[in-house]
Every structure is written in C-alpha cells, then in structure tokens.
2 protein chains.
Amino acid sequence: MRGKVKSRRRSGCPVSLSLEILGDRWSLLVIRDLMVRGFRTFKEFEESDEGIATNILSDRLRRLETNGIIIAETEKTDRRRGSYRLTEKGIDLAPVLLDLLIWGARHEESLAPPALMVQMEKNREGVIAEARKRWRERDSTPLIPSFADDGAGRSSKRR
Amino acid sequence: MRGKVKSRRRSGCPVSLSLEILGDRWSLLVIRDLMVRGFRTFKEFEESDEGIATNILSDRLRRLETNGIIIAETEKTDRRRGSYRLTEKGIDLAPVLLDLLIWGARHEESLAPPALMVQMEKNREGVIAEARKRWRERDSTPLIPSFADDGAGRSSKRR
DNA sequence: CCGGATCCGTTTCGATACTG
DNA sequence: CAGTATCGAAACGGATCCGG
C-alpha cells in the first residue's frame, strides 16, 4: 500500500480546469442536449443519447450543478429535482459546442446534412445569439430541429 | 462471460462521435499542448500538464493518431516515434480549443491574465488564422507564450 | 410512473517499474 | 528517451430497489 498521493500539480492554463469538469464522455453530451435539443428532465436524458446509465446521469447532473453550469429546479410539492436548466455560465459554452458540432460535421462521418452545417458555420454568431436569447426567455424548444429527435440528423425528418 | 454487447445505438449528432474521440480527460489537453504550447515529443507531454502517466499518454497519442488528428513521425534510424504533429483535421480543432480557453478564463479561476483573454476573444479569428499558418509552415513555437511554460499563466512570468 | 440510490461485475485509469 | 508491463484503485454500466 504505497500511500504516495504525489500531490497533483495543476498547470495554470484554464483549459485544464475546464477539462476537469467537462473532460468525460457524458458531461458535454448532457450540455448539448440541454442547449441544442431542449431537454429538461431526467427521463429525457436517460432515454436519449446512447443510453447513459441512471447512476452516471445522476452523478453528472450533480457535478454540473455544483460547478454552476446547470441548475436543478426542485418543486415545492416534491423533493425530487424536476427539471434542469443551463446557467449563464452554461450557456456560455455554446461557442464550444457549436465549434465541436461544426468540426464533427466536417471531419467525422457526416450524418448531419452538410448544408445545415455550412449554414451554421456561416451564421455562427447568429446561432449563439439565438441560444442566449432563448435561455433568457426560458424557451426550451430545440435550437437545432434536426437534432431534436433521437436517431436524428439524417436529413429531413420533417414533421 | 456475458457476451451481450447490447448493440450500442448512437445518436446521429456529430458531437457524440467527436466526443468518442475527445471525450476524456487527456485528449484535448494533448491537442492544446500541440497547438498552443508547441510540444512535439513524448517527453514534453509527459513532463508538463498535471503529470499524465506514460501508458495513458502513449494510448492517447495512438488513439489521436488512428483518428487522424495527429501524425507521428518515425525516424528511419529508430523504430520509435520521435515527434508528433497535428494534421489539418487536428488544426481544425483550434476554434474549439480557443473557445474552451476563453470560457475557462471567464468562468473558472482566472489564473491567466484576463487582459490576454479579452484580447484573444476579440481577435479570435486572427489567432485561429495564425495557428493555421504556423501549422502550414511547421512552425512549432508556442502560439500563446504565456501558456508555454509549466506553472504558467500567472501574469508577467518575467523572462 | 419518475427521479434517483445501491449493489456488483467489468473496464479504464494511474503510478511505477521495466525494456529496447 | 519512448514507450510497455503490471497491478491496485477508481470509474463505468447494468440491474434492481426505493421514496415521492
């Protein structure tokens, strides 16, 4: 039992700190779903994506909350946390998410219609502004409709 | 030995795919060091940061390589891979990294001089263009000098 | 039913020793 | 110097259970 903890040094670059919060498989995915797909409840997160386990989801939500990226709203009648929203700090991640989305669309298998991406890339600032606006208005309709549904992305899943 | 793979469904959003590559504690950090700090050798990565273990570093470098984000250059005289560089796909992550850097500087403990960040935020496009330019010229001097050294970031680390 | 918490087997991580 | 090998520790993921 080598109890050497080795006193983790941390570099001064802010990215490292960010990655201590966001550097895992699920956190950014949860934030994306909040921001882009308009998810708000535990169940929505659980059922979507690639099937995050409930314990992991619970843990990630709590971690994001303690880091001030989301807030959980508890109803008075019920002790459970019913819905989640991004804080301003959280919505400020919109540029990161968007750039990642753009990068993914350009370099990974382009499951999402490139046309949409090209447009989004051109209108980056506009999309970010829209995200921020909706956050202020507590409007949680999906920011990018094609990503709203589950097997999503493949062209016109029109309704 | 329950061979149930459960046929992981993946959502159509490109972000998920990106996060399968980048969604861990170290990958983006390695990319940042490649891009912003100008690291190129195994040893530089190993000694910097918050002390990544050599086996993890080795694994991440390999994964980034197989995903086409970096390339390893092997010298003919030696079987070892001597230096690493970003591919074009890798350099295209500059916007993501930069936005993450900006976000971190704004919301996390501001270890980096805010002035630098404000400037970088204003000149986002310029910094990205510079990164791309250097990549083309194989110029690996640090893109952001304050982040070049280890305990870095704290204002005027006089030189 | 919904939002979790708990239990438990499996996978990944991380520190260090070791090798070409 | 650039990695592997090893092994204990931590995180993950699935199933199940529980309180509101």
Side-chain angles (χ1 to χ4, degrees), chain A residues 1-11 16 19-30 33-34 39-66 70-85, chain B residues 1-11 16 19-30 33-34 39-66 70-85:
Chain A
M1 218 292 203
R2 218 105 287 155
K4 294 297 297 273
V5 179
K6 186 56 177 312
S7 91
R8 275 196 162 294
R9 237 175 353 167
R10 43 178 64 180
S11 88
S16 334
L19 290 179
E20 270 169 48
I21 309 171
L22 307 172
D24 74 281
R25 187 100 185 281
W26 299 109
S27 297
L28 278 172
L29 235 32
V30 167
D33 286 342
L34 276 167
F39 286 4
R40 284 179 306 131
T41 67
F42 192 95
K43 187 157 162 286
E44 284 174 309
F45 292 113
E46 185 195 342
E47 289 177 346
S48 172
D49 283 336
E50 13 223 308
I52 183 171
T54 61
N55 55 347
I56 305 294
L57 175 57
S58 179
D59 177 68
R60 287 308 116 91
L61 287 169
R62 203 173 303 276
R63 276 172 44 181
L64 290 173
E65 191 183 6
T66 60
I70 67 177
I71 54 169
E73 274 160 359
T74 308
E75 307 197 19
K76 299 178 190 67
T77 64
D78 194 332
R79 230 60 47 81
R80 292 174 300 175
R81 299 177 288 171
S83 73
Y84 300 87
R85 283 190 305 115
Chain B
M1 227 287 201
R2 214 105 290 153
K4 293 298 297 272
V5 180
K6 185 55 177 315
S7 89
R8 273 197 163 293
R9 235 168 3 154
R10 43 180 64 181
S11 88
S16 331
L19 290 179
E20 269 169 48
I21 310 171
L22 307 172
D24 75 281
R25 186 90 188 284
W26 299 109
S27 297
L28 278 173
L29 236 32
V30 167
D33 286 342
L34 234 21
F39 286 2
R40 283 180 307 130
T41 67
F42 193 95
K43 183 156 164 285
E44 284 174 308
F45 292 113
E46 184 195 344
E47 290 178 344
S48 171
D49 281 337
E50 13 224 309
I52 183 171
T54 60
N55 55 348
I56 304 295
L57 175 57
S58 179
D59 176 68
R60 287 309 117 90
L61 286 169
R62 200 174 307 276
R63 275 172 45 182
L64 289 172
E65 192 183 7
T66 59
I70 66 177
I71 53 169
E73 275 160 359
T74 308
E75 306 196 20
K76 299 179 191 63
T77 64
D78 193 332
R79 228 59 50 76
R80 292 176 299 176
R81 300 175 287 170
S83 72
Y84 300 87
R85 284 191 305 113

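Here is how names work: the chains are called A, B, and so on, in the same order as the sequence lines, proteins then strands, and each is numbered from 1. Atoms considered below: every heavy atom in the structure, side chains included; atoms not considered: hydrogens, waters and symmetry mates. Quick caveat: nothing in here was measured; it's all calculated off a predicted structure.
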- Hey, which of these two, Asp78(A) or Arg60(A), hits DNA chain D nearer its 5' end, going by closest nucleotide? Arg60(A)

- Item | More than 12 heavy atoms from other groups under 6.0 Å of CD on Glu73(B) | yes

Distance in angstrom units between [X] [atom1] and [N] [atom2], rounded:
X        : N       : atom1 : atom2 : value
Asp24(B) : dT12(C) : CG    : P     : 12 Å
Leu57(A) : dG3(C)  : CG    : C1'   : 9 Å
Ile56(A) : dA5(C)  : CD1   : C1'   : 12 Å
Arg25(B) : dC13(C) : CZ    : P     : 12 Å
Glu75(A) : dG3(C)  : CD    : P     : 10 Å
Phe39(A) : dC2(C)  : CZ    : P     : 15 Å
Ile52(B) : dA15(C) : CD1   : P     : 10 Å
Arg63(B) : dT11(C) : CZ    : C1'   : 13 Å

- Heavy-atom side-chain proximity of Val30(A) to Arg63(A) below 4.5 angstrom: no

- Task: Find out whether Arg60(A) and Leu29(A) are in side-chain contact, i.e. whether some heavy atom of one side chain is under 4.5 Å from a heavy atom of the other.
- Result: no

Looking at every heavy atom in both [X] and [Y], which two are closest together, and how far apart are they?
X        : Y        : value
Phe42(A) : Leu57(A) : O-CD2, 3.5 Å
Leu19(A) : Arg25(B) : O-CD, 4.0 Å
Leu61(B) : Phe45(B) : CD2-CE1, 4.4 Å

- Estimate the overall bend of the helix from dC1(C)-dG20(D) to dG20(C)-dC1(D) from the end axes over five pairs each, rounded to 10 degrees. 30°

- Query: OP1 or OP2 of dA11(D) sitting under 4.0 Å from any side-chain N/O of Trp26(A)?
  - Reply: no

- Message: I'd like to know if the side chain of Thr54(B) pairs up with that of Glu46(B) as donor and acceptor (distance under 3.5 Å, no hydrogens or angles considered).
- Response: no

- Item | side chain to side chain donor-acceptor pair (under 3.5 Å) partners for Arg62(A), two or more places apart | none

Enumerate all atom pairs, one protein N or O and one N or O from nucleotides 2-6 of chain D, separated by less than 3.5 Å.
residue : atom : partner  : partner atom : Å
dA2(D)  : OP2  : Lys43(B) : N            : 3.0
dA2(D)  : O4'  : Arg80(B) : NH1          : 3.2
dG3(D)  : OP1  : Arg81(B) : NE           : 3.2
dG3(D)  : OP2  : Arg81(B) : O            : 2.8
dG3(D)  : OP2  : Tyr84(B) : OH           : 2.4
dT4(D)  : OP1  : Arg62(B) : NH2          : 2.6
dT4(D)  : OP2  : Ser58(B) : OG           : 3.0
dT4(D)  : O4   : Thr54(B) : OG1          : 2.7
dT6(D)  : O4   : Asn55(B) : ND2          : 3.3

- Query: Thinking salt bridges, do Arg40(A) and Glu44(A) make one under a 4.0 Å N-O criterion?
  - Reply: no

